[in-house]
S.K.: 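Just passing along the structure, written as structure tokens.
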Amino acid sequence: MTSFLQNLVNAMQWGSFYALIALGYSMVYGVLMLFNFAHGDIFMVGAYIGFFVSSGLIALSALGSLVLPSWLILSITILLAMFLTSFVGMLLERVGYRPLRSAPRASAAITGLMIGIILETGNLALLGAQRYKFPALIESTTYNLGGVFITNKKILIVFVSLLLMFALHQFVQRTKWGMAMRAMAYDYIVVPLMGVPINTIALLTFALGSALAAAAGILFGIAYPVLDPYMGILYGWKAFVAAILGGRGSIIGAALAGFLLGFIEIFVAAFISSTLRDLIAYSIILLILTFRPHGFFGEAYSARLRL
Amino acid sequence: MSLLQIEKMTHYFGGLRAVHDYNLEIEPGQIRGLIGPNGAGKTTIFNLITGIYSPTEGRIHLEGKDLIGLQPHQVASLGLGRTFQNLRLWRHMTVLEHVMQARYSKLTYGVVGALLGTPKRYRQEAESERIAYELLDLVGVKHLADQVVINLPYGAQRRVEMARALAIEPKILFLDEPTAGMNLEELSQIMETIRRIHNEFDLTIFLIEHRMKFVMELCDVIQTLVFGEVIAEGTPEAIQNNPEVIDAYLGKEIET
Amino acid sequence: MLLSVNNLRVSYGNIKALHGINFHIDEGEIVCIIGANGAGKSTTLRAISRLIPVEKETAITYMGKDLLDYSADKVVSELGISHVPEGRRLFGNLTVMENLKLATFSRKDKQKISQDVDRVFAIFPRLKERMSQKAGTLSGGEQQMLAVGRAFMSGREVMLLDEPSMGLAPLLMRDVFIALKEINQEGTTILLVEQNARMALQFAQRGYVLETGSIVLEGVSKDLLEDPKVKRAYLGA
Amino acid sequence: MEESITKPSTSRSTWVNRWQLFWGSFSGVPILGWLIGILGAVALEQLFGSAFAQLLGLSKVPVLFGFVIMLGHPRLIPGTLIYLLVIYALPIGIITQVGKSLTNKLAGYLLKFHLGISALVHIGLLFLVLHLWADISDYRDLVLRLTLIAIILTLSLNIVNGYLGEFSCSHPGFMALGAYAASVLTVLLFVEDKVFGSPLLAPNIGPFLFPIVLILAGLIAAIGALLVAIPSFRTRGDYLAIISLAFLFIVKSLIENLEIFGGSRGFMNQPNWANLSTVFVWTMLCIWTINNFVTSTMGKALNAVRDEETAANAMSVNTRRTKIIGFMFAAFWAGIAGGLFAHVMRYVNPGTFGIQKLAEVLAMVYFGGLNSVVGSIVGAVGFNLLSEALRPLELYKWIIIPLLLILVMLYRPSGLISFREFNIANLLKPKSTSDEEVEHVVTSD
């Protein structure tokens, strides 16, 4: 039982990363009907931006020119990295995807794939092959709750993830921007007839998705401090599959599927074998998609989306 | 026995009743018409008969064979050819390829023949091409055979669809609004073409149409459909003088 | 002249959908364009709404401005030209209220917005009952009301209506047209596209007859209703 | 004032004229002529290549048309260019020009027989050219074999992504199935191995049974394709893309978990049977069958399903059968490509068949052009040559190639040569353009 609970805690943390990344895929896919294959690499870029922001702030503290408490450094890192990474996402939309909006969607997917490769290689070219270690922003403390060990890092990671997901949900459900995003997911052709500038909504979607990916990157860096230019490929693609499993453009679906994937992976690794992790995870996904081809919360879209 | 026999066909989309208690008997050689306002369920009836949808209730028989539960391609190879209201052409294919494609069920060379290019394959493809040219000639677009369809004007595209439907060697030809998007001149030409097809193969035709003039001149028997139900069935004269039809089809006077 | 369309040409690929049509609408008028399926009626409205590109010979002026300088969303938010698209195209995943609210996306006049919402609910009381219901669950008639209401919220100068009668029972159809007349009397100019020729001509003051991408007849509705050519082609006589 | 404007333009147009005249004189050269010309050049290289390279100060014969040398050592550029000019450009130019009337006559003569005869002669010449070219260095040989395998892979993926219009991501998975199936069979049957022990059959009959092994590998991949094809009945487009992606990951981690096949460490000791001639023959077979398939009504049914499935179904096309055939046929060739690949590298590991491979194959298909046999050949050859040629740029290669592909997507969203058929008869026929006609064309311009 304790080992079950212990793994549950681990799965919550692991699922948080997938869920946060999956949200970005899902939003872009929902609103623009587009596989943003470069999103995993935005996660990577976000982690690196977070690394530089936090290292910079720590260096300033060390020099004594701007002494900040560590919780403030953490908060500033997350917010600033989210803000900066959102511009990477918007740039991607403007330069890579907007010119291809009326082209076949496969072309946009290939473009995304290629942008992803450029981001990975660009990282290697700029920063070299050495691995960067994410600075320890918080002192690690472990609590023992009846045999289940919970670190303050895990609590922080899960809490921040859930908070961000809740904020996103509120944004999408309550604001007119969110309303426009939902409308675009349903039928983007007639959205301009409501006086909604769709290019702005597209940028917003990319910005939000990228900001969440950056948050995921930093949280990931807190848990697993070694950064890798290919971390986007390793985790991004899995999150992508989770996003689709959640259903087209469904935020709750993407979050749930992200956590589900985390749970499957952790529990398979804990109770069966870590080498069988991917095999079982993807087999389950394949099974679910065979019986629910549109994911948990997705609905079939049709010719209605054409003019 | 009638060629096509439909009894008590009813169909629901979700909770919405699209077709209710629809009956039809078509005799060989007839030209039948189906009219009704937009959204009355005419195209749904076509889709039900040709197997695209499966009716919630009812029976459909072609020459005594039950069509319910068959895939559309099986229905088609049994002899139901059709055209579509909003042209469904294959945008990257040429006119000739369209007509040849519809000979699919008549080709017997199989996958191996296709891969290895056996003599049987070339023989059958050549035969198919010959028939395709004849049909294109019949509907009057032979000169466009090598054109990619999306480059053709609307009227020509409709004719390609017609030739394509004929290539499956139909026993009944279903035409869904064959005159949509045509002007009066093209209208009389397409009417001429339909008559020619009818005479050439002694073909049974079932058509949906909006233009009264067209339906009245061509059809032997006409059904009027309103909200999924047949409100009148009869000869063109009878339909034309039926006050209910006039109201439903042309719109009531509106009092303001 | 409020809106004048000159030499409107539209092509889909190599197919010419509109061969250079001319028409105009005066302020406060109800004008209809009638024609068979595929004649180019919807294309005309889409071109005015800037949903589809027009060819370079085309000129559209609206209140002295060049309409072609505006993008699709600006046509609605800055020029006040709203469009009820063919098949209504509601956002089925949004509630009735959200559909109405979304249509005011670019409007800043908060107070006026809530007045307008009240006005829509006054015209269509049925919508008020279904306020927090998803638009996808409405019946055909209610959907049409919401589509008109949504256009009313987004732009009030001109309303472009694409086959509002499609799929409606005669009684509901009458309700919708009565509401439209009311909206028109409050100062909204209406351009209506219809296949149901008789009804459209009874509703509008003037009409244009579109046939395979060209205007073949135009005139006052009463004359068109009497015109034997129109009768023969569209009224089946 | 006017003169100063017109002068440069006239001088430019004489240059253009001269170029057109020069180039126009080549338009009358049939494929046969080109093949013979290139054969002359590679024969020349065989005979005098290394001596001439040394004379120019190059350490050895430039293996890939000098790209690598020129990018890596700028001061060797003049020598390399002279080498290319003397060994390749001049001989090809002279032989094609001198032999023009003769090769045209010959090409015409060949066409009097069955088209297959003419095709075989051309293919034979092509093989001779490639063989002589690859003979210079092992590196050339390897690049060539991998490029030919890439052609098979690209063509087969084009069946699904181009002709059938699905976005399938499972191709590296099919390739992996084929690679492992073929490797296990050959090692088990014909090779002394630590895991499988002594060979079950006499090793010397192995090369003769190798085609059967490859076909089996292809069939295993094709059976795997059923797992993707059957869901495609119900869902299209995006969800099929995900299903196929999940399939790829499943195959990959399945192999990683099969310790008997080496797990993630990989599998080696494959016999060296995939030499240039074997790979060449399989590539030609692949092009031939795929070209046959896509030009038949059976194959064009794929296009009909892609463009308008409802209409295809209503026109008696069995859409399910069509999809199954499309997927299985594509997977079959991917499996064969995998089998060949394993025997070229003589080592495979599951990591080879991951996302990177997927990106590479997709890039080749979309770069070359959807729905086109020629496009796929151009895509695979272009991509591989580019990738080898830019090797000296190391990391930056993976910025330049993606950027190039993005440009292609922006300006030609369905690839360089898309939706174009491959007409063998037209390709092989003699070119009738005589000298007078060429002049006429130029002066009329």
Side-chain angles (χ1 to χ4, degrees), chain A residues 29 33 35 37 40 95-96 99-100 102-122 124-125 128-129 230 233-234 236-238 240-241 243-245 248 273 275-290 292-295 298 300-301, chain D residues 161-162 165-167 169 227-228 230-231 234-257 259 263-264 354-356 358-359 362-363 365-367 370 394-415:
Chain A
Y29 180 52
M33 294 276 292
F35 286 157
F37 278 146
V95 179
L100 283 165
S102 55
R105 290 188 314 126
S107 311
I110 299 292
T111 302
L113 213 54
M114 294 303 125
I115 291 175
I117 296 176
I118 293 176
L119 287 176
E120 291 150 18
T121 321
L124 276 173
Y230 294 103
I233 295 189
L234 281 172
W237 283 83
K238 289 184 178 174
F240 169 63
V241 177
I244 306 306
L245 186 64
R248 193 170 81 86
S273 155
T275 53
L276 288 174
R277 200 179 60 188
D278 284 10
L279 184 65
I280 294 179
Y282 285 113
S283 302
I284 292 175
I285 287 172
L286 194 63
L287 263 178
I288 297 175
L289 282 180
T290 309
R292 277 199 71 88
H294 300 288
Y301 55 91
Chain D
N161 285 35
E166 296 287 4
F167 194 83
C169 300
L227 268 174
V228 183
I230 288 170
R234 294 219 299 153
T235 176
R236 288 205 58 164
D238 300 352
Y239 282 90
L240 196 72
I242 308 308
I243 286 171
S244 63
L245 189 65
F247 175 82
L248 165 63
F249 288 135
I250 288 172
V251 170
K252 189 170 162 253
S253 57
L254 189 70
I255 296 171
E256 275 166 3
N257 279 289
E259 275 305 314
S264 50
I355 294 290
Q356 255 106 349
L358 173 67
L362 285 173
V365 171
Y366 286 82
F367 174 67
L370 292 176
E394 290 166 24
L395 215 48
Y396 294 96
K397 177 177 113 175
W398 289 116
I399 294 181
I400 292 173
I401 291 178
L403 273 179
L404 271 177
L405 197 69
I406 291 174
L407 284 179
V408 171
M409 289 294 101
L410 279 175
Y411 293 101
R412 297 186 77 102
S414 46

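Computed from a predicted model, the values in this text were never measured in an experiment. Below, chain A is the first sequence line, B the second, and so on; all start at residue 1.
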S.K.: Using 0.5 Å steps for rounding, measure from the CD atom of A:Glu120 to the CG atom of D:Leu395.
M.R.: 11.0 Å

S.K.: Would you name the heavy atoms of D:Met409 and A:Leu100 that are closest together and state the gap between them?
M.R.: O-CD2, 3.4 Å

S.K.: Quick one, A:Phe240 and D:Ile242 - any side-chain contact, counting heavy atoms below 4.5 Å?
M.R.: yes

S.K.: Within the structure provided, determine whether A:Ile233 and D:Gln356 are in side-chain contact (heavy-atom separation under 4.5 Å).
M.R.: yes

S.K.: Below 4.5 Å, heavy-atom pairs only: which of D:Leu227, D:Ile355, D:Val251, D:Leu405 has the largest tally toward chain A?
M.R.: D:Ile355

S.K.: Is any side-chain heavy atom of A:Ile117 closer than 4.5 Å to one of D:Ile401?
M.R.: no

S.K.: Which atoms of A:Leu124 come close to chain D, meaning under 4.5 Å heavy atom to heavy atom: side chain ones, backbone ones, both, or neither?
M.R.: both

S.K.: When rounded to the nearest 0.5 angstrom, what distance separates CG in A:Leu276 from CG in D:Asn257?
M.R.: 4.0 Å

S.K.: Atom CG in D:Leu358, atom CZ in A:Phe37: separation rounded to 0.5 Å?
M.R.: 7.5 Å

S.K.: Can you tell me which portion of D:Leu362 sits under 4.5 Å from chain A's heavy atoms? Options are side chain, backbone, both or neither.
M.R.: both

S.K.: Tell me, side chain or backbone of D:Leu370 under 4.5 Å from chain A's heavy atoms, or both, or neither?
M.R.: neither

S.K.: Testing the basics here: between D:Pro413 and A:Pro104, what is the closest heavy-atom pair and its distance to 0.1 Å?
M.R.: CB-CD, 3.7 Å

S.K.: Pick one of side chain, backbone, both or neither for A:Leu245, based on which atoms fall under 4.5 Å of a heavy atom in chain D.
M.R.: neither

S.K.: Identify which part of A:Ala108 has an atom lying under 4.5 Å from any heavy atom of chain D, answering side chain, backbone, both or neither.
M.R.: neither

S.K.: Taking every non-hydrogen pair under 4.5 Å, which of D:Phe167, D:Phe249, D:Tyr396 racks up the most with chain A?
M.R.: D:Phe249

S.K.: Out of the candidates A:Ile285, A:Ile244, A:Leu289, only one should pair with D:Ile243 under the side chain to side chain contact (heavy atoms under 4.5 Å, CB included) rule; please name it.
M.R.: A:Leu289

S.K.: Tell me, do A:Ile110 and D:Phe367 make a side-chain contact under 4.5 Å, heavy atoms counted?
M.R.: no

S.K.: Checking heavy atoms, do the side chain of D:Glu394, its backbone, both or neither come under 4.5 Å from chain A?
M.R.: neither

S.K.: Would you compute the distance between atom CG of D:Leu254 and atom CG of A:Asp278 and round it to the nearest 0.5 angstrom?
M.R.: 11.5 Å

S.K.: For the interface with chain D, which of A:Ile118, A:Ile115, A:Leu119 has the highest count of heavy-atom pairs at distances below 4.5 Å?
M.R.: A:Ile118

S.K.: So for D:Ile250, is it side chain, backbone, both, or neither that comes closer than 4.5 Å to the heavy atoms of chain A?
M.R.: both

S.K.: Taking all non-hydrogen atoms of both residues into account, name the closest pair between D:Ala241 and A:Phe35 and its distance.
M.R.: CB-CE1, 3.9 Å

S.K.: Which heavy atom of D:Pro402 sits nearest a heavy atom of A:Met114, and at what distance?
M.R.: CB-O, 3.6 Å

